[in-house]
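The structure appears right after this line, and notes come after that.
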Number of protein chains: 2
Amino acid sequence: MFRASLTSPERVARQIRERILAGRYPGGTILRQEELAAELGVSRMPVREALRQLAAEGLLILHPHRGAVVAELSLAELEEIYEMRAALEPLALRLAIPRLGKGQLGEAEDALDEAERVHDGQRLSQLNWRFHAALYRPAERPRLLSTIELLHLNVDRYMRMILTVMQHREQSNLEHRLLLEACRAREVERASRLLQQHILEAGQRLVQFLKEKV
Amino acid sequence: MFRASLTSPERVARQIRERILAGRYPGGTILRQEELAAELGVSRMPVREALRQLAAEGLLILHPHRGAVVAELSLAELEEIYEMRAALEPLALRLAIPRLGKGQLGEAEDALDEAERVHDGQRLSQLNWRFHAALYRPAERPRLLSTIELLHLNVDRYMRMILTVMQHREQSNLEHRLLLEACRAREVERASRLLQQHILEAGQRLVQFLKEKV
DNA sequence: GTTGCAAATTTTGGATACAAAGGATACAGT
DNA sequence: ACTGTATCCTTTGTATCCAAAATTTGCAAC
């Protein structure tokens with residue numbers, strides 16, 4: 001029979017991933033297999049598979065015989081990801097709106113409500129994804145959804161930094177509320193326009209924020 | 001210093017990938033590590049990493065403790081991939097057209113010329129990708145390009161089947177020529193409209209073809 | 001002091017060996 | 001005959017060990 005039985009490479013991958021996203025391993029960090037293995041209480045073998053997994057997700061770059069380096073995202077690449085999101089997410093939303101039920105709308109609203117109360121970066125990032133994913137899921141496009149998720153994953157490290165800036169959060173919340181209303185009203189065109197604009201503007205704010213931070 | 005030194009997992013991944021795309025391992029096939037290892041003259045370890053790589057590419061599904069299964073693409077998923085391509089490729093083309101040089105236009109044209117003479121499925125698939133990639137590359141959006149490449153990879157198995165059907169090829173070549181002309185003339189809007197239409201229609205033809213084949 | 005080379009060290013890549021999980025099979029009980 | 005269960009076999013998962021590659025260090029020559 002089936003059993004979930006999370007296998008070590010997956011557990012290890014999850015832990016390393018979270019460390020990268022939390023900023024504990026900034027871009028450029030060299031990850032040593034032995035070190036990770038010892039720290040996570042496994043041998044190097046599962047670590048190697050985890051590293052390959054994370055490399056496939058775009059969080060690492062594997063240099064043969066030289067090790068795994070945490071991927072650095074240039075501002076250009078960051079903007080690129082937002083361009084891709086701006087192309088894909090409105091597509092998902094368009095397909096989803098006709099099938100949106102009370103359940104998803106409620107889930108999205110709950111995420112927004114909590115996001116206004118909470119202040120932890122990791123949690124805010126989770127809620128942000130939950131909001132978006134709830135709206136896209138009814139489209140029933142698994143590949144599209146997981147591609148979008150991967151893009152989110154890749155900007156998440158930087159997202160978390162700006163998610164604690166109050167000005168950004170207020171603007172973002174406002175846009176989210178407007179988007180949700182458009183979805184409720186089944187106004188496909190307006191919703192997808194709002195979403196595209198929301199993504200592009202969030203991208204611009206993030207790039208701006210990172211530029212100033214240096 | 002640097003050395004290319006293709007590492008075994010990559011070699012192994014490439015070979016398995018080619019077998020999947022060529023139809024030698026159809027969807028649903030269970031891949032046994034030991035068997036692959038023996039056949040490719042390595043131990044199970046590089047095979048495992050290769051399998052993980054291919055799973056990340058979407059060609060396999062890894063079931064913990066139960067093995068790797070070649071991914072089956074339902075017609076719905078196939079259409080989904082074409083929807084994604086129709087969203088992403090016109091974006092890449094728009095960004096690329098202003099920067100298209102003689103080099104890329106020539107490369108694209110060469111690919112079309114050869115595609116009209118050649119009849120081998122694998123080669124045709126290569127040429128088809130070369131044509132598209134040549135037009136997108138000047139956009140200088142590496143993630144966008146590799147995402148598109150991944151989508152191509154995932155439909156390639158089915159593409160190869162229809163690429164030997166003369167009627168499809170003629171239609172496709174015609175559309176490619178029109179697209180190339182629009183690019184030469186720097187008509188961004190027309191070119192991106194042609195491309196989107198080309199992708200959606202190719203997807204429809206493929207779905208139709210596969211439906212009839214059953 | 002700087003540059004070039006070579007040995008030594010570190011670190012990754014790959015193979016073998018062992019453990020554990022899943023599935024198949026045979027047997028016992030009803 | 002059928003069902004449930006225990007055991008065996010196959011296959012995957014993980015650890016350990018050895019080999020190969022890359023980096024670092026030390027030494028020598030200029």
Side-chain angles (χ1 to χ4, degrees), chain A residues 1-20 24-72 146, chain B residues 1-20 24-72 146:
Chain A
M1 243 302 133
F2 272 104
R3 219 186 278 188
S5 76
L6 228 0
T7 178
S8 321
E10 283 151 40
R11 261 201 331 273
V12 171
R14 187 175 299 186
Q15 296 189 70
I16 299 175
R17 188 187 297 115
E18 184 47 39
R19 290 180 183 187
I20 294 173
R24 176 164 164 192
Y25 297 148
T29 307
I30 295 174
L31 299 181
R32 305 234 171 275
Q33 300 175 359
E34 192 98 41
E35 197 178 322
L36 290 168
E39 213 170 326
L40 301 174
V42 294
S43 83
R44 274 173 49 219
M45 206 58 53
V47 172
R48 285 176 54 175
E49 296 191 22
L51 293 179
R52 202 164 274 277
Q53 173 72 33
L54 294 171
E57 292 173 13
L59 295 178
L60 297 178
I61 297 168
L62 256 40
H63 291 102
H65 297 285
R66 289 161 34 84
V69 180
V70 178
E72 307 235 35
S146 64
Chain B
M1 244 305 123
F2 274 103
R3 218 184 282 188
S5 75
L6 225 7
T7 180
S8 328
E10 283 152 41
R11 259 201 333 272
V12 171
R14 187 174 302 186
Q15 297 189 70
I16 300 175
R17 187 188 298 116
E18 185 47 38
R19 291 182 183 187
I20 294 173
R24 176 162 163 193
Y25 298 148
T29 307
I30 294 174
L31 299 181
R32 305 232 171 275
Q33 299 175 1
E34 192 98 43
E35 196 177 323
L36 289 169
E39 214 170 325
L40 301 173
V42 294
S43 82
R44 273 172 49 217
M45 206 56 53
V47 171
R48 287 176 59 92
E49 297 190 22
L51 293 179
R52 205 164 270 278
Q53 173 72 35
L54 295 170
E57 293 174 10
L59 295 177
L60 297 177
I61 296 167
L62 257 40
H63 296 287
H65 296 286
R66 290 162 30 87
V69 181
V70 179
E72 308 236 35
S146 64

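Any value given below was found using the heavy atoms of this structure, including those in side chains, with hydrogens, waters and symmetry copies removed. These figures come from a predicted structure and were not determined experimentally.
- In this structure, E49(A) atom CD and dT14(D) atom P are separated by 7 Å, rounded to whole Å.
- For the segment residues 33-42 of chain A, residues with any heavy atom less than 4.0 angstrom from an atom of DNA chain D are, sorted by number, V42(A).
- Separating the NE2 atom of H65(B) from the P atom of dT12(D) is a distance of 11 Å, rounded to the nearest angstrom.
- Take R14(B) and apply the salt bridge (Lys or Arg N to Asp or Glu O under 4.0 Å) test, not counting sequence neighbours, and it matches no residue.
- Across all non-hydrogen atoms, the minimal contact from L51(A) to A68(A) is CD1-CB, 4.1 Å.
- Taking T29(A) as the reference, Y25(A), P26(A), L31(A), V70(A) meet the side chain to side chain contact (heavy atoms under 4.5 Å, CB included) condition, with sequence neighbours excluded.
- Here dG13(D) presents its C1' atom at 11 Å from CZ of R11(A), a figure rounded to the nearest Å.
- I61(A) is listed as a side-chain neighbour of H63(A), based on a closest heavy-atom distance under 4.5 Å.
- Atom pair R48(B):CZ and dT11(D):P shows a separation of 15 Å (rounding to whole Å applied).
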Derivation of the side chain to side chain contact (heavy atoms under 4.5 Å, CB included) call for E57(A) and L54(A): CA-CA 5 Å; E57(A) 292 173 13; L54(A) 294 171; 3.7 Å; yes
Under the 3.5 Å Watson-Crick or G-U criterion, the dot-bracket string of DNA chain C, with | for inter-strand pairs: ||||||||||||||||||||||||||||||
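- For the residue pair E49(B) / Q53(B), no side-chain donor-acceptor distance below 3.5 Å is found, with atom types taken as modelled.
- Every side chain to side chain contact (heavy atoms under 4.5 Å, CB included) that R44(A) has, sequence neighbours left out, goes to Q33(A), E34(A), A37(A), R48(A).
- Taking only side-chain nitrogens and oxygens, T7(B) never comes nearer than 4.0 Å to OP1 or OP2 of dT12(C).
- Between R19(A) and E39(A) there is a salt bridge, since at least one side-chain N of the basic residue sits less than 4.0 Å from a carboxylate O of the acidic one.
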Tabulated below should be each protein N or O lying under 3.5 Å from an N or O of nucleotides 16-18 of chain C; please produce it.
none

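- Residues E10(B) and P46(B) fail the side-chain proximity criterion, which asks for heavy atoms closer than 4.5 Å.
- You'll find the side chain of V47(B) reaches within 4.5 Å of the side chain of V42(B), heavy atoms only.
- Rounded to a whole Å, the CG atom of L31(A) is 13 Å from the C1' atom of dT12(C).
- Heavy atoms of L62(A) sit nowhere under 4.0 angstrom from any nucleic acid atom.
- In this structure, the side chains of I16(B) and L59(B) stay at 4.5 Å or more apart for every pair of heavy atoms.
- Among the nucleotides dT11(D), dG14(C), dG13(D), the one closest to any side-chain atom of R32(B) is dT11(D).
- Put simply, R66(B) has no side-chain N or O that comes within less than 4.0 Å of OP1 or OP2 on dG22(C).
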